[in-house]
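Accompanying notes for the structure given below.
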Amino acid sequence: MFVFVLGWLAQRCKGWVALATGSALTAAGIAVFLAGFITHQPLISRVGVFITVLAVVFIVRAIRDRHLRERC
């Protein structure tokens, strides 16, 4: 649900919200990965990688959608 709200905000010329949230999610994903790596918990590390990948995909989509809107 949170991702859908952020997508809606990004479409309404609030791309900075999507970029800021994506950056925060990326940092959180890296932190979760490091926590799992340090404690030798592979499942936690995988969750961190998953969060990071989703955040990067979200940032790329927000940037791409914004550029497509500016060209039209």
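Scored by the side chain to side chain contact (heavy atoms under 4.5 Å, CB included) test, I51 finds V47 as partners (sequence neighbours excluded). With sequence neighbours left out, T26 forms a side chain to side chain contact (heavy atoms under 4.5 Å, CB included) with I30, T52, A55, V56, I59.
Between G36 and S45, the shortest heavy-atom distance links the atoms C-OG, 3.2 Å.
Taken to the nearest 0.5 Å, the OG1 atom of T39 stands 10.5 Å off from the CG atom of L34.
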- request: Apply side-chain contact (heavy atoms from CB on, under 4.5 Å) to V32 and I44, showing your working.
  value: CA-CA 7 Å; V32 169; I44 295 174; 3.9 Å; yes

